[in-house]
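Each remark here refers to the structure printed beneath this line.
Every chain is numbered from 1, with letters handed out A, B, ... down the list of sequences. In what follows, every heavy atom counts, from backbone to side chain, and hydrogens, waters and symmetry copies are set aside.
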Protein chains: 2
Amino acid sequence: MKKNNNIFDVNKQNSDKKQLFIDAAICSLGNHGYKGTTVRQIAKYAGVAPGLLTHYFKGKEVLIAESYKYLAKQFLDDFQTKIGEHETDPVKTLQLFFQNFFEPDNMGADYLRVWLAFWTLTLTEPHLRNTHKEIHNQYISSIENMLLDAFTANNIDITDKDPRSLAIGIHALLDGLWLECCLDPDAFSQSINLEIIYNFAQSTTGLNIKPT
Amino acid sequence: MKKNNNIFDVNKQNSDKKQLFIDAAICSLGNHGYKGTTVRQIAKYAGVAPGLLTHYFKGKEVLIAESYKYLAKQFLDDFQTKIGEHETDPVKTLQLFFQNFFEPDNMGADYLRVWLAFWTLTLTEPHLRNTHKEIHNQYISSIENMLLDAFTANNIDITDKDPRSLAIGIHALLDGLWLECCLDPDAFSQSINLEIIYNFAQSTTGLNIKPT
DNA sequence: AAGAATTTTGAACAATTGTACAGTACTATA
DNA sequence: TATAGTACTGTACAATTGTTCAAAATTCTT
């Protein structure tokens, strides 16, 4: 879900200059964090003079906010696309979703740096707070829908279940594991994380999620 | 666990000047985030001239690193103390631990701002990486021990269980819920969070954790 | 090809940053 | 009270920040 080709690579020939700056900003956030992401650093990644930034964005903070929206939306779109591709078996969809979460491409210090910067902004800028709220809701709903599909496909009675709470829990567990894994990559592995999430999801939902 | 009286209040009469600066730094991080935490701002909270900082610490970054270690250690100590107080019933200990995690005092944007700054540092400074690793290990071990106590007290067979993985999962779930709750306080409540963690912990461990 | 419009540059700017340090205030010892 | 030593102040400074803007380069229009 957190797949993004532009964190390390910036296509300097991009004719869409706004997008070029967004890519460069994300790249800089990933490599140098919020503190190291200066106008001059962004410009360097974009292969452009520093002064050009204000020609396309009102200011540096605005650019970073736009980058946030772009990245969050892109992740969600990727995720929705992947879901669409494996509509056949709902349980397999869940498995793929979990696996995708812990792909090495979607982890690491670089990614966490970007999200730390964005979360910091979320706490400050009121309009970004709404963006976060929106994105988060869509995530939860997606997981909830996957669960509902899986329940009906396996003829599981849901009268005593609360799919939304289950979705919130699963999402929180994924987030927590992802965070700790980025902070200390040595202590975690994709297989261990998957084992944990499979066990949790299986025993809370009653679905037979764990692959054989 | 995240209880800290010095996030908003700084005792300017503190004779231990090093601790005064640490309190002031945490206070500033909570109120203004990493970007807004300047030497002058810290000095203002400490009620002291800016130049005094370098007299007690080698530099600003060193002070923030020290604050990290102090806060992380304090949280763990608080947690250990609370465990000691309720040694009688292991299951009740777990309940208290969960409840304490979602106390309003331990949540909110101010607290998240502090941890975002610390996590950012963890990604940069190698020696803080070890600090994080150490603290995290102690957290997991504490939860694991609580689980083991609860298993033996309730005569539950653990041959088919992996207590450490369960502890990692529970910790990640707590972290994830805490994070999302700080980012969007409107969408969460203490009772919902507890309901979720109770359900997860109960169905994964087999313990009768949920309070009646 | 010529002129208008736009894009891009890069130096200059005021503001803010962390740190250094000479000087002042304080405290303890004699 | 006089002296030594520490605690503390507040200015000063070099470095870096985001932003501005006149000039240059480029592209578009006619």
Side-chain angles (χ1 to χ4, degrees), chain A residues 10-68 113-114 116-118 120-121 124-125 127-128, chain B residues 10-68 113-114 116-118 120-121 124-125 127-128:
Chain A
V10 177
N11 178 15
K12 299 186 182 179
Q13 268 71 47
N14 194 338
S15 60
D16 182 353
K17 280 284 144 58
K18 276 206 151 199
Q19 188 60 45
L20 171 65
F21 271 109
I22 287 176
D23 291 347
I26 293 172
C27 181
S28 175
L29 284 174
N31 286 329
H32 309 102
Y34 184 77
K35 194 186 181 184
T37 297
T38 65
V39 173
R40 285 161 180 82
Q41 186 68 254
I42 295 170
K44 193 184 279 183
Y45 277 113
V48 127
L52 194 59
L53 193 149
T54 44
H55 192 261
Y56 287 99
F57 296 90
K58 198 169 185 185
K60 187 190 129 185
E61 295 296 314
V62 174
L63 165 60
I64 295 184
E66 297 270 342
S67 305
Y68 185 8
R113 268 192 219 104
V114 178
L116 288 179
F118 287 162
T120 303
L121 271 179
T124 323
E125 310 271 333
H127 61 102
L128 282 186
Chain B
V10 177
N11 178 16
K12 297 186 183 180
Q13 268 70 45
N14 194 338
S15 61
D16 184 352
K17 281 284 145 55
K18 275 206 150 198
Q19 188 60 45
L20 171 64
F21 270 109
I22 289 176
D23 291 347
I26 294 172
C27 181
S28 175
L29 284 172
N31 286 328
H32 310 102
Y34 184 77
K35 194 186 180 182
T37 297
T38 65
V39 173
R40 285 158 182 84
Q41 186 68 255
I42 295 171
K44 194 184 278 182
Y45 277 112
V48 127
L52 195 57
L53 193 148
T54 44
H55 192 262
Y56 287 99
F57 296 90
K58 199 170 183 185
K60 186 189 132 188
E61 295 296 314
V62 175
L63 166 59
I64 294 184
E66 296 270 342
S67 305
Y68 184 9
R113 267 190 219 103
V114 178
L116 289 178
F118 287 162
T120 303
L121 270 180
T124 323
E125 311 272 333
H127 61 101
L128 283 185

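Where DNA chain C meets chain A (any atom under 4.0 Å from a heavy atom), the bounding nucleotides read 5' to 3' are C:dT7 to C:dA12.
To the nearest angstrom, C1' of D:dT9 lies 12 Å from CZ of B:F21. With rounding to whole Å, B:H55 atom NE2 is found 14 Å from D:dG5 atom P. Rounded to a whole Å, the NZ atom of B:K18 is 17 Å from the P atom of D:dT6.
At a threshold of 4.0 Å, the pair A:K58-A:E66 does not count as salt-bridged, since none of the basic side-chain nitrogens sits closer than that to a carboxylate oxygen.
Counting only heavy atoms from C-beta outward, the side chains of A:F57 and A:F21 approach each other to under 4.5 Å. Within the 4.5 Å cutoff, the side chain of B:L20 has no heavy atoms near those of the B:Y56 side chain. Using a 4.5 Å heavy-atom threshold, the side chains of B:Y68 and B:L128 count as touching. A:Q19 places none of its side-chain heavy atoms less than 4.5 Å from the side chain of A:N11.
Contacts between residues 58-68 of chain A and DNA chain D, defined by a heavy-atom separation below 4.0 Å, involve A:G59, A:K60, listed by number. Residues from residues 32-40 of chain B that place a heavy atom under 4.0 Å from any atom of DNA chain D, listed by number: B:R40.
Side-chain atoms of B:R113 come within 3.5 Å of backbone atoms of B:G30 as a donor-acceptor pair (strictly under, hydrogens ignored).
Contact annotation for B:F57: no contact, since no heavy-atom pair falls under 4.0 Å across all strands.
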Walk along nucleotides 21-29 of chain D from 5' to 3' and tag each nucleotide B, S or - by protein heavy-atom contact under 4.0 Å, base first, then sugar-phosphate. ---------

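The salt bridge (charged side-chain N to carboxylate O under 4.0 Å, His left out) pairs that include a residue from residues 37-51 of chain B number zero, where partners must be two or more places apart or lie in different chains.
Once rounded to the nearest 0.5 Å, the distance linking CG of A:L29 with CG of A:L116 reads 10.5 Å.
A:Y45 and A:D23 are not linked by any side-chain donor-acceptor pair at a separation below 3.5 angstrom, with hydrogens and angles left out of the test.
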Go through A:T37 and A:I42 one step at a time and tell me if the side chain to side chain contact (heavy atoms under 4.5 Å, CB included) criterion holds. CA-CA 7 Å; A:T37 297; A:I42 295 170; 3.7 Å; yes

B:K35 vs A:T120, side chain to side chain contact (heavy atoms under 4.5 Å, CB included): CA-CA, chis, key distance, verdict: CA-CA 10 Å; B:K35 194 186 180 182; A:T120 303; over 6 Å; no

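Between B:T38 and B:K60, the shortest heavy-atom distance links the atoms CA-NZ, 4.5 Å.
Applying the side-chain contact (heavy atoms from CB on, under 4.5 Å) criterion to A:S67, with sequence neighbours excluded, gives A:I22, A:A25, A:I26, A:L63, A:F118.
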